[in-house]
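Okay, so here's the structure we're looking at.
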Amino acid sequence: MRALVMTAPSEGPDRTEVREVEAPRPGPGEVTIDVTHAGINFIDVMARRGDAGYVPAWPYTPGKEVAGTVREVGDGVPDLVVGRRVAAFAREAGGLAEVVRAPAALTVPIPAAVPSATAAATPLMLATALLLLTDAARFSPGETVLVHSASGGVGGAVARLVPALGGGRLIGTVGHADKIPAARQSGYDVVVSRDDDLAEAIRADGGQVDVVLDPLGTAMLETDLTVTAPGGRIVLFGNAGGGRSAGLPEPRRLIGGNVAVAGFSISSLAVTAPERVARALRRLLDLIADGRLTFPVTEVGSLAEVPEIHQLLAERRGDGKYVVRVAES
Ligand SMILES: NC(=O)c1ccc[n+]([C@@H]2O[C@H](COP(=O)([O-])OP(=O)(O)OC[C@H]3O[C@@H](n4cnc5c(N)ncnc54)[C@H](OP(=O)(O)O)[C@@H]3O)[C@@H](O)[C@H]2O)c1
């Protein structure tokens with residue numbers, strides 16, 4: 001089978017290539033999937049540049065979210081049959097390939113009304129956005145949500161999910177003013193370039209926010225604390241810059257501010273509580289099937305084109321969500 005292979009750490013696309021490799025077989029509790037579509041994610045870029053904890057060994061095939069059909073079923077998997085159209089979180093990556101192995105516990109049937117290209121964006125990106133809002137931030141309808149890097153994939157997914165979860169006010173930040181229109185188009189009420197005074201913009205918009213979703217390490221944490229209302233929740237879920245994070249605030253800052261700082265990682269949750277990821281995945285596919293959630297994706301034609309999309313993401317030039325068509329569905 002053909003797979004996208006990263007041969008060694010690199011800041012560029014030079015060490016990523018499509019190679020012929022042996023197809024995986026399922027172990028107990030696993031399935032293999034003939035992949036038709038796979039999500040392309042920033043986490044692939046973090047792996048490519050060699051951030052600690054992402055690549056167990058080189059060469060490495062990235063790709064944690066796929067849609068396709070069940071190819072083979074391992075022992076102890078009673079409820080999935082060969083040929084069934086499924087979406088899966090590929091816990092050990094390998095999804096940017098013609099065949100991937102995934103835990104059955106993280107593999108969910110796709111309703112007929114959901115296109116495979118959209119389904120391929122659910123296991124990691126949309127599930128992250130949903131779990132950030134519901135599990136990590138305990139979002140309630142009517143609350144104000146601040147999201148950093150609002151024009152990216154997760155940022156766009158949060159904007160589309162908040163209305164489906166009962167609605168709320170959405171404030172986004174972007175790294176450069178030219179990303180403001182993209183964030184506004186996905187549903188943000190207010191978008192602020194981080195070159196501008198965010199605290200002042202939030203004061204002008206009504207004062208404070210209830211939830212902050214922050215993938216920027218601790219770079220914005222001081223501002224997050226300044227703009228969060230009593231009872232607010234700040235969720236740290238990434239370190240896009242890849243540098244060393246500063247420490248967390250003094251406890252008295254959190255106690256006095258009546259704010260919580262939480263963390264979220266879907267990759268960890270897929271190991272420690274896979275049923276929560278699978279539940280999110282089912283809920284998302286149902287929301288899409290019922291027409292209560294729409295999520296546009298940009299479809300890329302082949303695995304060979306993925307390295308240039310990775311580079312686009314690495315250079316912060318991405319716009320929304322990218323999915324690659326690996327085979328005809
Ligand atoms: N914890 C989890 O489970 C989880 C799951 C999925 C994603 N994430 C994280 O969430 C973040 C967004 O993911 P995504 O899939 O939405 O990615 P994306 O579409 O590629 O967007 C990434 C955005 O991060 C911002 N950024 C800040 N510093 C950057 C840097 N040094 N290099 C590149 N981009 C930088 C850029 O937006 P601005 O210029 O507008 O800031 C960029 O557009 C990433 O940090 C990712 O690792 C975490």
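Note that the structure is a prediction, hence the values are computed from the model and not measured. Computed from heavy atoms alone, side chains included, the values below leave out hydrogens, waters and symmetry copies. FYI, the numbering just counts along the sequence from 1.
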Minimum heavy-atom separation for [X] and [Y], please, with both atom names.
X	Y	answer
L285	P111	CB-CD, 3.7 Å
S149	R194	N-NH1, 3.7 Å
A314	V45	CB-CG1, 3.7 Å
L284	T122	CD1-O, 4.0 Å

Stepwise salt bridge (Lys or Arg N to Asp or Glu O under 4.0 Å) check, E11 with R49: CA-CA 5 Å; E11 294 288 335; R49 70 188 181 195; 5.8 Å; no
Answer yes or no: is there a donor N or O on one side and an acceptor on the other, between the side chain of [X] and the main chain of [Y], under 3.5 Å?
X	Y	value
K321	I40	yes
T118	V114	no
E65	M125	yes

Should we count [atom1] of [X] as having more than 12 external heavy atoms under 6.0 Å?
X	atom1	answer
Q185	CD	no
R25	CZ	no
E72	CD	yes
D319	CG	no
E20	CD	yes

Please tell me whether H148 and D224 have a donor and an acceptor in their side chains that are separated by less than 3.5 angstrom.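 A pair is found: one side chain offers a donor N or O, the other an acceptor, under 3.5 Å apart.
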R101 and T32 side chains, donor-acceptor separation under 3.5 Å: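 On atom types as modelled, these side chains do not qualify, holding no pair under 3.5 Å.
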Full working for salt bridge (Lys or Arg N to Asp or Glu O under 4.0 Å) between D189 and R184: CA-CA 7 Å; D189 300 296; R184 288 206 61 109; over 6 Å; no
Shared hydrophobic cluster for [X] and [Y] (ILVMFWY, side-chain gaps under 4.5 Å):
X	Y	answer
M1	V31	no
V326	V18	yes
F264	F139	yes
V306	V21	no
I43	L269	yes

Output, in order, the C-alpha distance, side-chain angles, deciding distance and verdict of salt bridge (Lys or Arg N to Asp or Glu O under 4.0 Å) for D135 and R276. CA-CA 9 Å; D135 279 36; R276 281 161 64 179; 3.1 Å; yes
Evaluate the criterion salt bridge (Lys or Arg N to Asp or Glu O under 4.0 Å) for residue pair R253 and E250; output intermediate values, then yes/no. CA-CA 5 Å; R253 188 84 199 276; E250 286 287 317; over 6 Å; no
Sidechain N-carboxylate O distance under 4.0 Å for R233, E143: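 Yes.
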Quick one: pull up CG in L165 and CZ in R283 and give me the separation to the nearest 0.5 Å.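 Going from the CG atom of L165 to the CZ atom of R283 covers 5.5 Å.
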Other hydrophobic cluster members with I202, side-chain heavy atoms of Ile/Leu/Val/Met/Phe/Trp/Tyr under 4.5 Å, chained?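 Joined to I202, directly or through intermediates: L146, I171, V190, V192, L198, V209, V212, L216, M220, L221, L225, V227, I234, L236, L248, L254, V259, V261.
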